[in-house]
Amino acid sequence: MKQKKSGVFSTLFRWGKRGVMGPAKEVDAMAVEEIVSPGRQILRDFKSRKLAMFCVFVMIFMFALAFIGPLFVPLDLNYTETRQQNVAPGFDMLNVPKALANDVKTISSYASFSLGLSNSGDVYVWGNTSLGTTGIDVADIPQAVQDANILFAAAGYDHCIAIDDQGNVYGWGDNKLGQYPGSAYTDRDAPVAEILPDAKVDIDNVKDVKCGYQSTAILFKDGTAKVFGNSNTCLNMRAIMALDNIADVSYTNAYLLAVTTEGKFTAGNLKGLYDTVNGDPNLSLARYVGQRKVEAIAATSGTACLMLVDPEADAAATNDTERAAAREVIFTGSFNYGEKNLPALAADEYFIQIGGGTNHYTGLTNKGNVYGWGSNHLKQLNIPGSAKNGDKLIVTSFQNYMLKEDSSIQAKWGLSGYLFGTDGHGADVFARCVHGGKMTMTVGAVAVIVSSIIAIIVGCISGYAGGKVDLLLMRVTEVFGSIPFLPFALILSCVLQRSPLTENTKIFIIMLILGALSWTSLAKLIRAQILAEREKEFVTAAKAMGVRESRIAFKHILPNVFSVILVDLSLNFATCMLTESSLSYLGFGVQYPRPTWGNMLNGANNSTVIRNFWWQWFFPALLLAVCTISINLIGDTIRDVMDPKSDRDK
């Protein structure tokens, strides 16, 4: 009988059923064991180890973080910021309290925390409010301040000042240098009690209060000022208090700059940095200003911005172009971050408000446009489109706020915080961890490559040649193996530190040192494997065919011991990373400011940091631990799956 051919649809149905349900039992019973290559079987066995696969993904992430991350996380090795030292992890520096966000009178910030005052007289403090190791938290606002109707308030580097409607002056935070009333501290000029007796002022005469680096200035409507605090961080404190015609003041790091009621700029008879125009020593500030008046003043940590106006030309102006021509913005001081790089404005556009942060300026023009210039290291200049056409601009050290006409916040931008906090220099720990990982892994990888090349050459030649060659090479290996590794590495690193070599050259030599001292164990292991392999038939056959001895050793025998080399490479990579970190931790490896995980731990190697600033040692230690443990687990798994005698289920 002729067999009926099955249709196309029935064939597809059987294939689909087989794909979903599996083969039939009778077929499965006759199934032949699948034949796979050794490499594929090793890969299958490795993939079946869930912990090892997890470690692989961890290492992929770590390598991406270390070698791709620096492209997106820049690091300025020379960057330091005293106002951002030892800041804890978090992103709350721009989180204005909801109760204040719709009723802002003023916002003040000089360091890592901010103070806000509402139109209803309430005070709020947010940000990194803990003051280092002092145990003081400026968020603990005194009850008397909470109960009072506050009219003026400001935040300094480590303290806050508030004045209520009765003229009472309140202070909280650190007061060891007389930053606010109630201190027994007496500076080199006068105690706070002498400058501000009874911690009380005539509230009808108060114009404003401003705080700086451990210093406070209360400005009065009669043109006088009371300045108290650390006279070492406000060097012209007494000179400013001697004036009786002050219209406005602004703090730099070391001085209190003022504008008189006549529209003249003064730094309390100080010359030098504050007597030049836009950094040109040939331009005298007084002569350049001439008959024009200083309409407003703003300052960064080392510069002052003066908004000049020609009174006669301004009075005669009939349009914005003429008003813009009657005005000019100039700078004086020490320029470190391009603070004098004023943006170009249209012919009919001019600034109506300018505020200064630590290293940047932000200005609002008559057209409602907002411009920023200076340092953008902490995103101070990332101005959002929503900031345009605001009513009032508030510029603090690292944050900017634009208010609407109803005193609510229209836009805010600048520093919001740090993922891993900052170190004792104010540098971002996350950025240093990313770049430090690149350095640590690079040092480990180069050291492993160097040690492996030496070990493979010595091990192959010694194992294959035998005899006197083997004897000589093994004695050399034993000599290198007998050298105490860590002390010798410390000595060489110390010698390198005192040499006139460049930093990159020193780092490269450290890599070579690590590689040159860590090859002996792998060389002995390769030699032992070569001794076993050279007696096999394929070697005899190669010799009979006239293959060169070097080709037999490196082309025929060496690939058969590659599994041993691969396992040792992975384990040795982790060891070299730990060794580099150990050297850096002990102060003999890569030096600050160039980061590695080891020298980051070295920088946190004191009881004060360990107790109070845990993030400075925890994150680099965590990354180093995760990386080395993952590499070791991967290496152990590779060894297990490549060894046919290992117990797969152990």
Side-chain angles (χ1 to χ4, degrees), residues 205 207-208 210 219-225 239-240 242-250 252 255-300 303-333 335 339-356 361-373 389-395 405:
N205 191 32
K207 185 177 182 179
D208 202 358
K210 295 187 178 182
L219 183 63
F220 297 97
K221 295 176 182 177
D222 62 7
T224 62
I240 292 295
L243 302 175
D244 59 2
N245 59 345
I246 303 174
D248 195 11
V249 295
S250 187
T252 64
Y255 300 106
L256 182 60
L257 309 180
V259 174
T260 67
T261 52
E262 294 81 15
K264 301 298 181 182
F265 169 80
T266 178
N269 298 322
L270 292 172
K271 301 294 183 180
L273 293 177
Y274 299 102
D275 195 37
T276 62
V277 178
N278 295 344
D280 189 346
N282 299 316
L283 291 179
S284 170
L285 183 62
R287 291 182 181 179
Y288 189 87
V289 173
Q291 298 302 313
R292 293 181 293 179
K293 291 186 176 181
V294 180
E295 190 175 39
I297 182 176
T300 61
T303 68
C305 171
L306 308 179
M307 295 175 60
L308 305 181
V309 61
D310 185 335
E312 295 183 2
D314 187 55
T318 59
N319 55 57
D320 285 342
T321 301
E322 294 177 352
R323 293 188 187 93
R327 288 167 166 79
E328 183 182 6
V329 176
I330 64 172
F331 302 90
T332 180
F335 304 97
E339 297 99 315
K340 63 181 178 181
N341 298 331
L342 192 69
L345 303 182
D348 61 344
E349 190 174 18
Y350 56 90
F351 286 104
I352 58 175
Q353 295 179 41
I354 292 181
Y361 288 104
T362 306
L364 174 66
T365 70
N366 61 316
K367 300 296 184 181
N369 297 317
V370 182
Y371 298 92
W373 61 98
N389 296 321
D391 183 68
K392 181 182 178 181
L393 175 66
I394 297 178
V395 182
E405 189 175 357

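For the numbers below, each heavy atom of this structure counts, side chains included, while hydrogens, waters and symmetry mates do not. What you see is a predicted model, and the numbers here were worked out from it, not measured in a lab.
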Which residues satisfy the side-chain contact (heavy atoms from CB on, under 4.5 Å) test with Pro343, sequence neighbours excluded?
Phe351, Tyr371, Trp373
Quick check for you: to the nearest 0.5 Å, what is the distance between Ile354 atom CD1 and Cys305 atom SG?
4.0 Å
Keeping to residues at least two apart or across chains, list the salt bridge (charged side-chain N to carboxylate O under 4.0 Å, His left out) pairs with something in residues 339-354.
Asp348-Lys367
Which atom names give the shortest non-hydrogen contact between Ala313 and Ala326, and what distance separates them?
CB-CB, 3.8 Å
For Tyr274, enumerate each residue passing the side chain to side chain donor-acceptor pair (under 3.5 Å) test, keeping only those at least two apart in sequence or located in another chain.
none
So which heavy atom on Leu364 is nearest to which on Gly390, and how close?
CD2-O, 4.0 Å
Sorted by chain and number, sequence neighbours left out, ring-ring contact (aromatic ring centres under 6.0 Å, His included) with Phe265 holds for none
Spacing of Asp280 atom CG and Ile330 atom CD1 [to the nearest 0.5 Å]
11.5 Å
side-chain contact (heavy atoms from CB on, under 4.5 Å) between Tyr361 and Thr303: does it pass, once the steps are laid out?
CA-CA 10 Å; Tyr361 288 104; Thr303 68; 2.8 Å; yes
Partners passing side chain to side chain donor-acceptor pair (under 3.5 Å) against Glu312 (at least two apart in sequence or in another chain):
none
Show the numbers, then the answer: is there a side-chain contact (heavy atoms from CB on, under 4.5 Å) between Leu308 and Val289?
CA-CA 8 Å; Leu308 305 181; Val289 173; 4.2 Å; yes
Side chain to side chain donor-acceptor pair (under 3.5 Å) with Glu262: which residues, sequence neighbours excluded?
Asn245, Thr260
Among residues two or more places apart or on two chains, list those pairs meeting salt bridge (charged side-chain N to carboxylate O under 4.0 Å, His left out) that have a residue in residues 284-298.
Arg292-Glu328, Glu295-Arg327
Exam field: side chain Asn366 to backbone Tyr350, donor-acceptor pair closer than 3.5 Å
yes
Just to verify, what does Leu273 make a side-chain contact (heavy atoms from CB on, under 4.5 Å) with, not counting sequence neighbours?
Ser334
Between Ala258 and Ile240, which heavy-atom pair has the shortest distance, and what is it?
CB-CD1, 4.1 Å
Please list, chain by chain and in numerical order, all residues satisfying salt bridge (Lys or Arg N to Asp or Glu O under 4.0 Å) with Asp248, sequence neighbours excluded.
Lys210
Between CG of Asp222 and OG1 of Thr261, what distance do you get to the nearest 0.5 Å?
10.5 Å
What is the distance from atom CZ of Phe331 to atom CG of Asn341, rounded to the nearest 0.5 Å?
8.5 Å
Hits for side chain to side chain donor-acceptor pair (under 3.5 Å) against Asp391, two or more places apart or cross-chain, chain-then-number order -> none
Excluding sequence neighbours, so at least two apart, what forms side-chain contact (heavy atoms from CB on, under 4.5 Å) with Asp275?
Lys271, Ser284, Leu285
Nearest heavy-atom neighbours spanning Gln291 and Pro311
O-CD, 4.3 Å
For Val395, which residues count as a side-chain contact (heavy atoms from CB on, under 4.5 Å) partner, sequence neighbours excluded?
His360, Thr362, Leu393, Asn400
If you apply the rule side-chain contact (heavy atoms from CB on, under 4.5 Å), what do you find for Leu257 with Ile297, and how did you get there?
CA-CA 8 Å; Leu257 309 180; Ile297 182 176; 3.9 Å; yes
Counting N and O atoms only, with roles assigned by atom type, does the side chain of Lys207 sit under 3.5 Å from a partner on the main chain of Ala247, one being a donor and the other an acceptor?
yes
Distance col, row Thr365:OG1 vs Asp320:CG, nearest 0.5 angstrom, shows 9.5 Å
Can any side-chain N or O of Thr332 pair as donor or acceptor with the backbone N or O of Thr276 at less than 3.5 Å?
yes
Any idea which heavy atoms bring Ala347 and Ala324 closest together, and the distance?
O-CB, 3.3 Å
Between Val259 and Ile246, does the side-chain contact (heavy atoms from CB on, under 4.5 Å) criterion hold? Intermediate values first, please.
CA-CA 6 Å; Val259 174; Ile246 303 174; over 6 Å; no
